[in-house]
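Just below is one structure, and these are the notes that go with it.
Given the structure is predicted, the values throughout are model-derived calculations rather than measurements.
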Amino acid sequence: MKCDVAIVGCGVVGAAIAYELAKANLSVVAIDAGHPAEGATGAALGVMMAVATQQAQGDVVDLRLNSLQRFDPLIAELEDALRRSLPVNRRGLLRPIALDQWPKWEAAIAARRAAGYDLEVIEKADIQHLQPELAGWEIGLFSPSDRQIEPRVFALALLEAARQRGAIARFHAPVQAVKIRGDRVAALYTPTETIACGTAIVAAGVGSKLVGDMLGAPVPVVPVKGEAVRVRAPELSGGAAIAAADINLVPLPDGSHWIGATVEFNPVSPHPSVAGIQAVLQRAIALCPAIAQAELQDYWAGYRPRPSGQRAPILGNVPGLQNAILATGHYRNGVLLAPITAIAIRDLVLHGSTTACNLASFAPRSPERE
């Protein structure tokens, strides 16, 4: 099979890239070693925190804000193409803040307001109006611009829209080998196909490391485990998502809530653990005591790709190869950063550069040579 672009990874990042490249009338083949959206995308709550974040400025802040600006127009495109609505929570983000941490937020609040974003300082009565069951918070922030969407639904919608425009998707198709001619990737080999491509894009999350090794370009991502639970607590409001210091409460359309997620370094297993679930519930109950009486409905665990030795995400050309690109290592922000990542990678494929972000700040590091 021949194509203009082969994308390794069908999570939310790979799916967004496939959609943008298919829109640009390129022939696209997207492959995944397993089911689509089952890796880091399946280990996410879909909270898109760009405005209500503590860092005041910098390339990472710009990347987040630019991606958030792209999100609503992208959803409108998808809904028009698919002729159905997508479950976007546009009721904003509530962020209660401990009083001793408040000074650390003042610079970010000033920067967001100067940039034209609505970031409201709210006190105890307003916090309890938004979520009556929150306990003990005197001050916080409310960001009406931040969003939330179910990650798997988002990724699958992007893939479906890409396929409408001619993209091909293959699942349970791991890359087993690559052919390199000179300084170019000539083909990718799966168990059943040879995919000859003009450009190869690696967007496989934790799996990017294995593909990078085949390309002779180590990808410095390590797995960080996250665990979350879903509960039904009638006392909880179904409005804004809540992001406290170490726990998120995400309302779902059916009235339940996802609660999570843990951050577990050096994990020994990708599966849910009693200790992990217990940690999530303890933090959630401390934040919102009504959760102690909630009905436990579901839980998940999974790995998120965290770059080691460089900032997240890793975006740009693979050192030493003219037609291989990395779009990986988004860690806990894959859903938020998928829209802008797709624009940047599209531009890189078509034009060799992009104005969507400062790629130099996220470029893959050249491997050390003997």
Side-chain angles (χ1 to χ4, degrees), residues 7-14 17 32-47 49 53 55 58-60 63-64 151 155 174-176 178 200-228 246-248 260-273 275-277 279-280 300-321 324-338 341 345 359-369:
I7 301 169
V8 183
C10 292
V12 68
V13 172
I17 294 170
D32 199 285
H35 295 292
E38 74 171 1
T41 300
L45 298 178
V47 180
M49 287 183 280
T53 55
Q55 188 175 348
D59 290 332
V60 172
L63 193 72
R64 290 179 173 183
V175 176
Q176 294 185 322
V178 301
I201 298 171
V202 181
V206 173
S208 298
K209 186 178 187 302
L210 179 61
V211 181
D213 289 345
M214 296 179 194
L215 296 173
V219 179
V221 293
V222 296
V224 177
K225 185 177 178 180
E227 300 188 54
D246 58 1
I247 200 78
N248 294 336
T262 61
V263 177
E264 303 172 38
F265 297 96
N266 302 312
V268 297
S269 167
H271 303 297
S273 67
I277 292 172
V280 168
W300 58 244
Y303 289 158
R304 287 79 62 89
R306 180 177 183 267
S308 176
Q310 68 179 95
R311 65 173 50 179
I314 302 172
L315 304 175
N317 291 103
V318 173
L321 293 173
I325 297 171
L326 293 180
T328 190
H330 291 74
Y331 191 28
R332 303 178 74 188
N333 288 298
V335 176
L336 169 60
L337 296 180
T341 295
I345 300 304
L359 274 181
S361 185
F362 306 100
R365 295 186 176 180
S366 298
E368 295 183 2
R369 305 289 186 184

With sequence neighbours excluded, what pairs up with Ser208 under the side chain to side chain donor-acceptor pair (under 3.5 Å) test?
Thr328
Interatomic distance, CG@Leu336 vs CG@Leu63, rounded to 0.5 Å, equals 8.0 Å
For Ile325 against Val318, the heavy-atom pair lying closest together:
N-CG2, 4.0 Å
Sub-4.5 Å side-chain heavy-atom contact between Val12 and Pro151:
no
Output the distance between atom CG (Asn333) and atom OG1 (Thr341), rounded to the nearest 0.5 Å.
10.0 Å
Just do the side-chain contact (heavy atoms from CB on, under 4.5 Å) check on Val202 and Val219 with the steps written out, would you?
CA-CA 10 Å; Val202 181; Val219 179; 5.7 Å; no
Taking all atoms of both residues into account, what is the closest heavy-atom pair of Ile247 and Val280, and its distance?
CD1-O, 3.8 Å
Residues that Glu264 engages under side chain to side chain donor-acceptor pair (under 3.5 Å), provided they are two or more places apart:
Thr262
With distance as the sole test, does Lys225 use its side chain to make a donor-acceptor pair with the main-chain N or O of His271 at under 3.5 Å?
yes
So which heavy atom on Ala40 is nearest to which on Pro305, and how close?
CB-CD, 3.6 Å
The single option from Val263, Val222, Val206, Thr41 that satisfies side chain to side chain contact (heavy atoms under 4.5 Å, CB included) with Arg304 is Val263
Those residues at least two apart in sequence (or on a different chain) that pass side chain to side chain donor-acceptor pair (under 3.5 Å) with His35 are His172
Does Ser273 offer a backbone N or O that forms a donor-acceptor pair with the side chain of Glu227 under 3.5 Å?
yes
For Asp213, what residues pass the salt bridge (Lys or Arg N to Asp or Glu O under 4.0 Å) criterion, not counting sequence neighbours?
Lys209
State which residues pass side chain to side chain donor-acceptor pair (under 3.5 Å) with Asp246; sequence neighbours excluded, sorted by chain then number.
none
Is the backbone N or O of Met49 less than 3.5 Å from a side-chain atom of Thr53, with the two atoms forming a donor-acceptor pair by type?
no
Non-hydrogen atoms of Trp300 and Pro272 that approach each other most closely:
C-CG, 4.1 Å
Would you name the heavy atoms of Asp32 and Cys10 that are closest together and state the gap between them?
OD2-N, 2.7 Å
What distance separates Arg332 CZ from Leu337 CG, expressed to the nearest 0.5 Å?
13.0 Å
If I compare all heavy atoms of Leu315 with all of Ala327, which pair ends up nearest, and what's the gap?
CD2-CA, 3.8 Å
Gln310: which residues meet the side-chain contact (heavy atoms from CB on, under 4.5 Å) condition with it, sequence neighbours left out?
Pro220, Pro307, Ile314, Arg365
Got a second to check how far Asp59's CG is from Leu359's CG, nearest 0.5 Å?
10.0 Å
Run the numbers on Phe362 and Leu326 for side-chain contact (heavy atoms from CB on, under 4.5 Å), then give the verdict.
CA-CA 10 Å; Phe362 306 100; Leu326 293 180; over 6 Å; no
